[in-house]
2 protein chains.
Amino acid sequence: MARDTEKRRAELRERLIDIAEAQIQEHGSASLRARALAEEAGCAVGAIYNVFTDMPGLQLAVNGRTFARLGARVTDAVAERADAPPVERLILMAKGYLAFAVENPKLWRALFEVEMTSDSEVPEWYMRDLSQLFAIIAGPLSELDPNATEDEIELRTRALFSSVHGIVLLGLERRISGVPIPRMESMIDYLLRSFASGN
Amino acid sequence: MARDTEKRRAELRERLIDIAEAQIQEHGSASLRARALAEEAGCAVGAIYNVFTDMPGLQLAVNGRTFARLGARVTDAVAERADAPPVERLILMAKGYLAFAVENPKLWRALFEVEMTSDSEVPEWYMRDLSQLFAIIAGPLSELDPNATEDEIELRTRALFSSVHGIVLLGLERRISGVPIPRMESMIDYLLRSFASGN
DNA sequence: TCAATTCTTGAACGCCGTTCAATCAATAGC
DNA sequence: GCTATTGATTGAACGGCGTTCAAGAATTGA
């Protein structure tokens with residue numbers, strides 16, 4: 001019965017992702033342990049390698065979920081105010097991004113802590129979700145400057161996303177700075193309003 | 001003779017930092033191995049722990065050097081053009097930052113990959129060098145808007161630094177994007193000129 | 001029911017950072 | 001010069017990690 005095994009595997013897969021997600025959420029991605037995972041999932045250590053290529057592969061699966069939730073959060077942030085001016089929509093999205101990172105600090109950090117030595121290719125969903133996120137940002141930017149070329153919009157999108165990401169990243173880095181959240185929101189306001197008025 | 005041991009220790013310390021630095025430069029901070037280090041330095045593994053608290057401690061020592069070189073690079077970038085308009089000086093500094101990261105990608109990345117589980121405090125030089133870097137950025141920003149409060153300048157400094165950092169960080173992340181360097185320079189131009197014209 | 005096949009298991013492997021009893025070297029007292 | 005004492009150095013050993021794979025269990029088709 002290939003059906004049966006396939007189903008059991010799929011269930012184990014989901015269960016492992018659930019457990020790993022909870023673990024990362026609580027103690028960070030560096031705290032993931034194959035043995036602990038197996039014990040909590042009630043399976044053998046080797047079983048993990050039946051459904052994932054390796055531990056980074058499991059991490060990537062968790063990141064897939066996180067990425068989807070992050071994308072939804074950014075989208076939702078503007079959904080009810082689709083009629084707002086472009087700048088305001090950009091600010092709403094950026095603050096949605098910030099809010100998600102603040103509410104899920106460890107899961108959010110885990111997105112950028114995947115083992116890069118893993119020779120596995122970047123999953124297709126990664127690139128897909130990222131360009132989708134970029135597309136959402138590009139909209140308001142095009143409205144702000146309808147004469148800009150597509151190439152120029154792509155550049156600005158990337159610059160803007162990277163900037164907001166940098167503000168959130170360093171702001172959450174308690175060890176360096178420990179910036180209060182309202183201050184980070186002020187930075188985002190300042191950044192995006194400058195962006196808008198500069199063109 | 002306490003003098004003698006002290007000197008030998010200091011020499012071993014420097015030698016270990018040299019070797020670790022070369023190793024990180026070539027293969028990244030994740031490739032540091034206590035045993036390999038000891039072999040190359042011609043000492044016992046245990047000797048490493050006579051001059052450093054642990055391996056993250058050695059990493060931190062390498063980062064100290066890197067940070068100093070980075071700071072010098074940013075300072076040098078504007079040194080010969082101290083009379084240029086504030087915006088241009090900001091752009092020069094940001095491009096100095098970018099250039100350092102491009103020329104020393106692995107060492108630059110290592111600055112942000114220190115083990116945070118290490119219960120040791122953030123070294124004083126870290127905070128000192130960082131606020132020094134911030135002070136250099138704050139200068140042109142104050143010139144741009146002499147009426148801004150100190151608090152406001154601090155906010156803008158942090159926002160600007162974080163933004164440039166974000167652009168460099170994501171730009172160098174080959175696995176996500178792989179942005180050509182001239183494009184990253186365009187982003188920095190765009191970002192900083194917007195900043196300037198927005199106030 | 002039984003052989004064939006497929007899937008699962010967990011002890012074992014190799015590698016890691018770190019420790020600490022044993023060893024070695026250097027000083028001081030006689 | 002010799003030896004007791006002190007302090008520094010060493011590297012085998014420890015515990016823990018991700019990963020593997022021979023052996024066993026389970027499922028299949030005849």
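Below, chain A is the first sequence line, B the second, and so on; all start at residue 1. Values reported hereafter were calculated over all heavy atoms of this structure, with side chains retained and with hydrogens, waters and symmetry mates removed.
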Given D/dT9, is OP1 or OP2 found less than 4.0 Å from the side-chain N or O atoms of B/R9? yes
Gap between atoms [atom1] and [atom2], on [X] and [N] respectively (whole Å):
{"X": "A/R15", "N": "C/dT8", "atom1": "CZ", "atom2": "C1'", "value": "14 Å"}
{"X": "B/F52", "N": "C/dT19", "atom1": "CZ", "atom2": "P", "value": "16 Å"}
{"X": "A/I48", "N": "C/dC7", "atom1": "CD1", "atom2": "P", "value": "19 Å"}
{"X": "A/M55", "N": "D/dT20", "atom1": "CE", "atom2": "P", "value": "13 Å"}
{"X": "A/Y49", "N": "D/dT20", "atom1": "OH", "atom2": "C1'", "value": "9 Å"}
{"X": "A/L32", "N": "D/dC17", "atom1": "CG", "atom2": "P", "value": "12 Å"}
{"X": "B/L58", "N": "C/dG17", "atom1": "CG", "atom2": "P", "value": "11 Å"}
{"X": "B/L16", "N": "D/dT9", "atom1": "CG", "atom2": "P", "value": "12 Å"}

Taking only residues two or more places apart in sequence or in another chain, which ones pass side chain to side chain contact (heavy atoms under 4.5 Å, CB included) with A/S31? A/Q23, A/H27
Where along residues 33-47 of chain B does a heavy atom fall under 4.0 Å from DNA chain C? B/R33, B/A34, B/R35
Parallel, tilted or perpendicular: rings of A/W108 and A/H165 (30°, 60°): tilted
Tell me, yes or no, whether the heavy-atom count around A/R81 atom CZ, taken from other residues, nucleotides or ligands under 6.0 Å, exceeds 12. no
Given C/dC7, D/dT20, D/dA8, which nucleotide is nearest the side-chain atoms of A/R8? C/dC7
Give the nucleotide from the list D/dT19, C/dG17, D/dT10 with an atom nearest to the side chain of B/N50. D/dT10
With the 4.5 Å side-chain cut-off for hydrophobic clustering, are B/V45 and B/M55 part of the same group? no
For the pair [X] and [Y], find out whether any cationic side-chain nitrogen is under 4.0 Å from an anionic carboxylate oxygen.
{"X": "A/E88", "Y": "A/K95", "answer": "no"}
{"X": "A/R15", "Y": "A/E11", "answer": "no"}
{"X": "B/R65", "Y": "B/E14", "answer": "yes"}

